[in-house]
Each structure stands twice: as C-alpha cells, then as structure tokens.
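Data first, discussion second: the structure below is written as structure tokens.
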Amino acid sequence: MEEDQLIMFDSNGAIRMYGPEKFEELVKAVEVEKRYVEKMDEFLTLVQRTMAIVRKLGDAIEAEKLTAIGSRNIVESEAEERFRAVQEAQVRLREKQMELDRYVAEYESLKRVEQEQQTFFQHLSQAKE
C-alpha cells in the first residue's frame, strides 16, 4: 500500500483507497456539488416565490375579470331596461293620446248637442212670447 493513499468508507460502508490528488479532486467535486445543490435550492425557492406571486396575480386578475363581466352585464341589462321603459312609455303615451282624442271628440259632440239644445230652447222661448 502506498503511504500517500487515503483509506475511506463510501456511502455504502465499503472501504475505498484514494491517492492525495484524487482525494483533493473528490473534495473539490463534493464542494462543487454542495454549491450546485445550494444554488438549485435557491433557484427552487425563487421559482416557488415567483409562482406564488404569479398565482396571486392570476387570482386577482380573475377576480377583476369577474367584476368586469358583472359590471358589463349590469350595464347591458340597464340599457335593455331603459329601452323597454322607453317603449312602454311610448305605448302609454299613444294610449293616452287616443284617450285624449276620444275625450276631445266627445267634448265637441257634447258642445254641439248643447248648442243645438240652446238653440231649441231659444226657439221655444221665442215661440211662447
């Protein structure tokens, strides 16, 4: 056995022998791996935070979208309701106009009857005299 070799146990408990150069490479590789894992963990944390923010923004956008749809529906129904109200008012106006025309015609007819009766009474009172 060489004196500059190192005896170690691997993760399975087996005995391993490494030369000093290989051991240094192994230590460096382990350090690189640790930094890589740390960086990946940091990246994963960053991605999770970003996704949480994106989810919150998505939820907020969805809520605003539903609010906008609700508002649009209210506006559309208001416009339809106003249109219906205007149509109903026009129908009532036509009915009232027809009723007014009927009353005016009846008034004119009654006025003529009154005039005829006054003329008749005048003839009667002149005939008595």
Side-chain angles (χ1 to χ4, degrees):
M1 177 164 119
E2 295 179 21
E3 288 182 25
D4 49 348
Q5 288 186 342
L6 216 58
I7 299 175
M8 297 189 64
F9 294 97
D10 66 7
S11 61
N12 295 327
I15 297 175
R16 300 283 179 209
M17 291 179 62
Y18 298 105
E21 292 173 1
K22 291 287 183 188
F23 181 74
E24 288 297 319
E25 287 178 27
L26 177 64
V27 169
K28 287 179 184 176
V30 167
E31 285 299 316
V32 168
E33 177 190 359
K34 282 182 185 177
R35 284 195 305 265
Y36 177 76
V37 169
E38 288 171 0
K39 294 282 185 189
M40 287 303 293
D41 287 343
E42 288 174 15
F43 179 71
L44 177 62
T45 303
L46 180 64
V47 167
Q48 288 172 340
R49 286 183 193 156
T50 303
M51 289 306 296
I53 291 170
V54 168
R55 269 188 230 102
K56 284 182 184 178
L57 290 174
D59 292 344
I61 289 169
E62 192 63 29
E64 286 298 319
K65 180 179 163 185
L66 291 175
T67 302
I69 289 171
S71 297
R72 181 183 66 198
N73 289 342
I74 289 171
V75 167
E76 287 175 356
S77 68
E78 283 287 327
E80 291 172 6
E81 186 61 35
R82 272 191 244 125
F83 179 74
R84 270 189 249 119
V86 166
Q87 285 183 327
E88 289 174 11
Q90 288 174 343
V91 166
R92 282 193 308 263
L93 179 65
R94 281 192 296 264
E95 290 171 354
K96 294 295 180 184
Q97 185 62 48
M98 288 174 23
E99 189 177 353
L100 175 65
D101 292 344
R102 190 176 78 240
Y103 286 148
V104 166
E106 189 176 336
Y107 174 75
E108 293 295 325
S109 172
L110 289 173
K111 242 173 101 176
R112 275 192 309 257
V113 168
E114 180 186 28
Q115 185 66 33
E116 288 172 3
Q117 286 177 351
Q118 283 180 357
T119 305
F120 179 72
F121 287 136
Q122 281 178 354
H123 282 296
L124 282 178
S125 57
Q126 284 177 1
K128 275 188 173 181
E129 295 177 7

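Starting from 1, each residue takes its place in the sequence as its number. None of the values given here were measured: they were computed from a predicted structure.
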Please enumerate all residues that pass side-chain hydrogen bond (donor to acceptor under 3.5 Å, both in side chains) together with Q122, with sequence neighbours excluded.
none
Using the test side-chain contact (heavy atoms from CB on, under 4.5 Å), find all partners of R82 that sit at least two apart in sequence or belong to another chain.
E78
Can you tell me how far the NZ atom of K111 sits from the CD atom of E114, to the nearest 0.5 Å?
9.0 Å
Taking only residues two or more places apart in sequence or in another chain, which ones pass side-chain hydrogen bond (donor to acceptor under 3.5 Å, both in side chains) with E31?
none
Among all residues two or more places apart in sequence or in another chain, which pass the salt bridge (charged side-chain N to carboxylate O under 4.0 Å, His left out) test with K96?
E99
Report the residues that fulfil side-chain contact (heavy atoms from CB on, under 4.5 Å) with F83, sequence neighbours left out, ordered by chain and then residue number.
Q87
Quick one: are M40 and L44 in side-chain contact, heavy atoms under 4.5 Å?
no
Residues two or more places apart in sequence or in another chain: which of them pass side-chain contact (heavy atoms from CB on, under 4.5 Å) with E33?
V37
Please enumerate all residues that pass side-chain hydrogen bond (donor to acceptor under 3.5 Å, both in side chains) together with Y107, with sequence neighbours excluded.
none
Sequence neighbours excluded, every pair satisfying side-chain hydrogen bond (donor to acceptor under 3.5 Å, both in side chains) that has a member inside residues 47-71:
none
What distance do Q115 atom CD and T119 atom OG1 have between them, rounded to the nearest 0.5 Å?
4.5 Å
Applying side-chain contact (heavy atoms from CB on, under 4.5 Å), name anything that partners V47, two or more places apart in sequence or on another chain.
F43, M51
Transitive ILVMFWY cluster of L57 at side-chain heavy atoms under 4.5 Å: who else is in it?
I53
Quick one: hydrophobic cluster around I74, which other residues, with the 4.5 Å side-chain cut-off, linked directly or via members?
none
I'd like to check the side-chain hydrogen bond (donor to acceptor under 3.5 Å, both in side chains) partners of R84; sequence neighbours left out, ordered by chain and number.
E81
Counting distance only, does the side-chain N/O of T45 pair as donor-acceptor with the main-chain N or O of D41 below 3.5 Å?
yes
